[in-house]
Protein chains: 2
Amino acid sequence: MPAISTRQQQILDFLREYHADRSYMPSIREIQLACGISSTSVVDYNLRLLERDGHIRRSPDISRAIELVGDSEADLVEVARVPILGAIAAGEPIPVPEAGAYAGDDDRESLSLPPELTPRDTDNLYALRVKGYSMIDACVTDGDIVVLRHARDARNGEMVAAWLSMQEEATLKHFYLEGENVRLMPANPSMEPIVVPADSVQVHGKVVAVMRRVAA
Amino acid sequence: MPAISTRQQQILDFLREYHADRSYMPSIREIQLACGISSTSVVDYNLRLLERDGHIRRSPDISRAIELVGDSEADLVEVARVPILGAIAAGEPIPVPEAGAYAGDDDRESLSLPPELTPRDTDNLYALRVKGYSMIDACVTDGDIVVLRHARDARNGEMVAAWLSMQEEATLKHFYLEGENVRLMPANPSMEPIVVPADSVQVHGKVVAVMRRVAA
DNA sequence: TACCCTGCAGAACGTCCGTTCTGATTTCCT
DNA sequence: AGGAAATCAGAACGGACGTTCTGCAGGGTA
């Protein structure tokens with residue numbers, strides 16, 4: 001792939017920029033105007049070179065039929081959009097998803113879950129921002145985002161977000177039902193589990209993923 | 001939003017199908033032909049209705065300037081692809097990115113970084129899988145994926161992946177250069193920092209993000 | 001110097017294509 | 001049944017647009 005000329009780079013940049021707002025491509029005369037070129041033939045000439053070198057594809061005799069190839073468009077990935085419903089902190093009640101609040105609602109802030117973190121079933125997912133350091137025994141720290149699937153119960157071993165009504169505290173722990181008690185195990189194996197009566201634990205959801213942006 | 005007519009549904013389906021192969025939109029006459037309509041004015045008429053009801057957007061007097069709105073294309077998100085170069089574990093050397101190994105190489109496994117976790121600059125990013133529990137003081141545990149930017153040094157406060165040649169150990173810590181020593185602080189504020197000579201610390205990269213998939 | 005290749009300028013051609021106007025046909029409501 | 005509104009048919013207008021042809025200028029090479 002030969003090195004690209006200044007003029008061609010200029011055109012390519014304009015194509016990307018134009019395609020970003022509108023979702024169609026500029027006409028040759030629009031390229032001419034935007035790049036300060038004096039003739040449509042020069043645009044055509046450079047577009048031919050760009051096509052020869054594999055940067056774009058064109059369909060003859062068709063208006064605005066320029067396609068960007070091998071471009072950032074190749075990194076377009078289908079992702080699951082998860083709404084961020086609020087924050088979870090030790091001493092504060094856990095926000096509860098209202099019916100139908102999961103997908104499609106573009107009002108609230110949302111998060112895109114990359115395919116590698118997306119579970120088979122994307123129903124009833126929501127996300128909470130973690131406030132404070134109280135859940136550090138679950139390897140979750142201030143500023144993290146936890147992705148949850150709404151659930152009122154859990155199977156043994158699953159990690160849940162739960163409200164402990166005796167302690168009046170929200171927590172993230174691995175869940176084990178043992179007779180009439182629930183044993184809640186920190187993810188950190190060096191820390192001690194806690195055991196509480198089953199009816200004092202309200203499961204809000206199962207933890208699906210954790211995401212952390214580290215400050216530069 | 002009024003119910004959509006058969007004819008309009010037919011046109012909408014064709015628009016989606018056409019846009020899937022090519023990446024531009026059909027002309028009015030192509031729509032006419034594909035949908036078996038006898039006049040361009042009928043196509044125009046129905047396109048007006050589709051635009052009025054918010055299914056498409058059009059730009060007057062511009063060829064093929066139809067845009068699909070609120071389509072499934074809405075959950076296509078531009079993501080940064082980051083190669084997974086290997087694993088990081090306490091006692092094992094940290095994999096080193098070779099030149100040009102960052103983007104574009106589709107051989108190796110890779111990860112898509114959602115926009116919310118993507119730093120301004122996406123150069124020199126790579127990812128490592130975490131093995132074992134040795135980095136739990138950085139709130140990073142077995143199975144996590146850490147995203148790094150390749151760097152040989154760091155500014156104070158940044159979280160780095162480093163190799164401690166005295167301990168022969170890889171670690172994730174906040175970095176502080178203090179004279180001839182480096183102080184490495186765990187993310188967990190309740191744990192003790194370690195101080196080692198600066199020349200016994202080899203910085204491999206700065207931590208950009210951490211992602212964790214929690215087992216169902 | 002002669003020659004060729006690359007890049008650019010200007011203009012013209014013919015078609016592509018959105019738009020519009022008139023009128024017919026169908027659908028729906030009372 | 002009658003009338004209004006929705007939908008469709010056909011044709012034509014005029015601008016938008018890709019294409020092509022001719023010619024010019026610089027730059028490297030034999």
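Only heavy atoms go into these numbers, but all of them, side chains included; no hydrogens, no water, no symmetry mates.
- Comparing the start and finish of the helix from C:dT1-D:dA30 to C:dT30-D:dA1, five pairs each, the helix axis swings through 30°, to the nearest 10 degrees.
- Atoms CZ (A:Arg57) and C1' (D:dG18) sit 19 Å apart, rounded to a whole Å.
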Write down the protein N/O and nucleotide N/O pairs, taken from nucleotides 14-17 of chain C, whose separation is under 3.5 Å; answer none if there are no such pairs.
from: C:dC17; atom 1: OP1; to: B:Arg64; atom 2: NE; distance (Å): 2.9
from: C:dC17; atom 1: OP1; to: B:Arg64; atom 2: NH2; distance (Å): 2.4

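- Remark: A:Asp144 CG to A:Leu172 CG distance equals 9.5 Å, nearest 0.5 Å.
- Aromatic ring orientation, A:Tyr18 versus A:Tyr24: perpendicular (interplanar angle above 60°, classes split at 30° and 60°).
- Between the P atom of C:dG18 and the CD1 atom of B:Ile66 lies a distance of 7 Å, rounded to the nearest Å.
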Give every pair of a protein N or O atom and an N or O atom of nucleotides 20-25 of chain D that lie under 3.5 Å apart, one pair per line with the distance.
from: D:dT20; atom 1: OP2; to: A:Arg48; atom 2: NH2; distance (Å): 3.2

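- Note: A:Lys131 NZ to A:Arg129 CZ = 10.5 Å, rounded to the nearest 0.5 Å.
- Side-chain atoms of A:Tyr133 and A:Thr141, non-hydrogen and from C-beta on, do get closer than 4.5 Å to each other.
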Run B:Arg57 and B:His55 through side chain to side chain donor-acceptor pair (under 3.5 Å) and show every step you take. CA-CA 7 Å; B:Arg57 192 173 334 115; B:His55 296 103; over 6 Å; no
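- One atom, CD of A:Gln32, and another, P of C:dG7, lie 18 Å apart when rounded to the nearest Å.
- Electrostatic pairing of B:Glu158 and B:Arg155 counts as a salt bridge here, judged by a charged N lying under 4.0 Å from a carboxylate O.
- Between the P atom of D:dA6 and the CD atom of B:Gln8 lies a distance of 12 Å, rounded to the nearest Å.
- Within the 3.5 Å criterion, the main-chain N or O of B:Val42 finds a donor-acceptor partner in the side chain of B:Asn46.
- Atom-to-atom distance recorded for A:Met25:CE and A:Ile62:CD1 is 14.5 Å, nearest 0.5 angstrom.
- If you check every strand for non-hydrogen atoms under 4.0 Å, B:Leu49 touches sugar and phosphate atoms only.
- A straight line from CZ of A:Arg58 to P of D:dC17 spans 14 Å, rounded to a whole angstrom.
- Here the straight-line distance linking atom CD1 of A:Ile31 with atom CD of A:Gln10 works out to 11.0 Å at 0.5 Å rounding.
- Between the A:Glu67 side chain and the A:Arg58 main chain, no donor and acceptor come within less than 3.5 Å of each other.
- The distance from atom CG of A:Asn46 to atom P of C:dA9 is 10 Å, rounded to the nearest whole Å.
- Residue B:Arg7 places none of its side-chain N or O atoms closer than 4.0 Å to OP1 or OP2 of D:dT7.
- In this structure, B:Tyr45 reaches the D:dT7 phosphate: one of its side-chain N or O atoms is under 4.0 Å from OP1 or OP2.
- Proximity of B:Ile56 to B:Leu50: side-chain heavy atoms (C-beta onward) are separated by under 4.5 Å at one or more points.
- If you take CG of B:Asp53 and P of D:dA6, they are 12 Å apart, rounded to a whole angstrom.
- Following rounding to the nearest Å, A:Ile37 (CD1) and D:dG18 (P) show an atom-to-atom distance of 13 Å.
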